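This is a predicted model, so every value here is computed, not measured. So you know, we letter chains A, B, ... as the sequences are listed, proteins then strands, and number each from 1.
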Number of protein chains: 2
Amino acid sequence: MAKHDPDLSLLFHALADPTRRSILTRLAETPAQVTDLAGPTGLRLPTVMRHLSVLEEAGLISTSKDGRIRTCAIVPEALDPVRSWLDEQRAIWEARLDRLDAFVMNVMKERAE
Amino acid sequence: MAKHDPDLSLLFHALADPTRRSILTRLAETPAQVTDLAGPTGLRLPTVMRHLSVLEEAGLISTSKDGRIRTCAIVPEALDPVRSWLDEQRAIWEARLDRLDAFVMNVMKERAE
DNA sequence: GCGATAGTTAGCGACATGGCTAAGCATGAT
DNA sequence: ATCATGCTTAGCCATGTCGCTAACTATCGC
């Protein structure tokens with residue numbers, strides 16, 4: 001089903017980079033233009049641009065250009081699929097927690113040897 | 001804060017691959033040995049091994065070897081940091097939306113004058 | 001011991017990622 | 001018109017990722 005969900009892969013991949021996460025956090029406070037985003041990172045503009053396009057392709061931010069200034073803003077609902085997936089997983093995992101518990105304890109015991 | 005959290009990067013990167021997510025989902029039902037995990041993926045053993053070690057390094061699964069059989073199991077609490085980060089982000093995002101709300105209200109009030 | 005089974009290691013190839021510089025627009029200010 | 005600003009494009013380099021095969025080790029069953 002969601003085995004080959006491209007959205008999730010894009011999202012997770014976009015989130016896997018510290019720079020991109022920090023850009024996201026920065027954007028969470030207020031929309032910003034590209035140069036403003038580049039500043040704190042210490043990275044060059046083209047590099048930041050690349051990160052931004054990764055974020056945009058994942059649907060995490062949206063950008064628009066007014067004059068020569070591109071403004072970037074977060075897309076709050078973009079994380080919903082991630083959240084859903086997590087909830088889904090947790091549901092399954094917890095349903096099996098009884099068996100897992102015993103097994104994990106066993107592993108830990110073995111590791112302790 | 002958790003801006004440059006290496007754990008998060010490892011976790012997100014591990015989750016960014018469909019094969020790894022399907023392995024996780026499979027493992028959520030019951031622990032399994034490597035060959036059993038390889039089956040459904042259609043991938044070769046060394047490839048699956050690599051995915052497993054990525055998952056293990058991210059702390060998402062734990063494995064132990066008994067005789068010639070390596071058994072893999074999920075580590076349910078491993079997703080907690082991801083969940084926390086999501087919650088954190090949502091908190092900021094929502095706070096910003098509130099402020100935006102207030103801003104819009106303010107503008108409207110000013111316009112009404 | 002022998003052969004089948006389960007996993008591991010080494011290493012290859014194709015491609016993606018993340019950084020950079022240099023050069024090229026397009027727009028805004030003077 | 002000119003110059004500075006803000007972004008964009010093209011392209012380079014080092015490294016990482018994901019798949020594979022081939023060969024190896026280690027165990028289990030007979």
(request) Return the 5'-most residue of the pair Arg20(A), Met49(B) with respect to DNA chain C, ranking by each residue's nearest nucleotide. (result) Met49(B)
(message) Can you measure Ile69(A) atom CD1 to dG28(C) atom C1' for me and round it to whole angstrom units?
(response)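 Rounded to whole Å, this separation is 9 Å.
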(request) Quickly work out the Asp17(A) CG to dG19(C) C1' distance and round it to whole Å. (result) 11 Å
(request) For Arg26(B), enumerate each residue passing the side-chain contact (heavy atoms from CB on, under 4.5 Å) test, keeping only those at least two apart in sequence or located in another chain. (result) Thr30(B), Ala32(B), Leu37(B)
(message) Could you work out, with side-chain contact (heavy atoms from CB on, under 4.5 Å) as the rule, every residue matching Arg44(B), not counting sequence neighbours?
(response)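 Partners of Arg44(B) under the side-chain contact (heavy atoms from CB on, under 4.5 Å) test: Pro46(B), Thr47(B).
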(request) Provide the start and end nucleotides, 5' to 3', of the part of DNA chain D that has atoms under 4.0 Å from heavy atoms of chain A. (result)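 Both ends considered, the range comes out as dA4(D) to dT9(D).
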(message) Are more than 12 heavy atoms, taken from residues, nucleotides or ligands other than Arg50(B), located less than 6.0 Å from that residue's CZ atom?
(response) no
(request) Taking only the side-chain nitrogens and oxygens of His51(A), find out if one of them lies under 4.0 Å from OP1 or OP2 of dG19(C). (result) yes
(request) Starting at the 5' end of nucleotides 20-26 of chain C, put B wherever the base has a protein heavy atom under 4.0 Å, S where only the sugar-phosphate does, and a dash everywhere else. (result) BBB----
(message) Ignoring hydrogens, what is the shortest heavy-atom contact between Ser9(A) and Arg21(B)? Give both atom names and the distance.
(response) OG-NH2, 3.1 Å
(request) Mind checking side-chain hydrogen bond (donor to acceptor under 3.5 Å, both in side chains) for His13(B) and listing every partner two or more places apart, or none if nothing turns up? (result)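 His13(B) satisfies side-chain hydrogen bond (donor to acceptor under 3.5 Å, both in side chains) with no residue once adjacent residues are dropped.
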(request) Hey, can you tell me if Phe12(A) and Phe12(B) have their rings parallel, tilted or perpendicular (30° and 60° cut-offs)? (result) tilted
(request) Decide whether Val54(A) and Leu43(A) are clustered together by the hydrophobic rule: side chain heavy atoms of Ile, Leu, Val, Met, Phe, Trp, Tyr closer than 4.5 Å, transitively. (result)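 The answer is no; the residues belong to distinct hydrophobic clusters.
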Can you list, pair by pair, the side-chain donor-acceptor contacts under 3.5 Å of residues 61-82 of chain A, counting residues two or more places apart and other chains?
from	atom 1	to	atom 2	distance (Å)
Thr63(A)	OG1	Glu56(A)	OE2	3.3
Thr63(A)	OG1	Arg70(A)	NH1	2.7

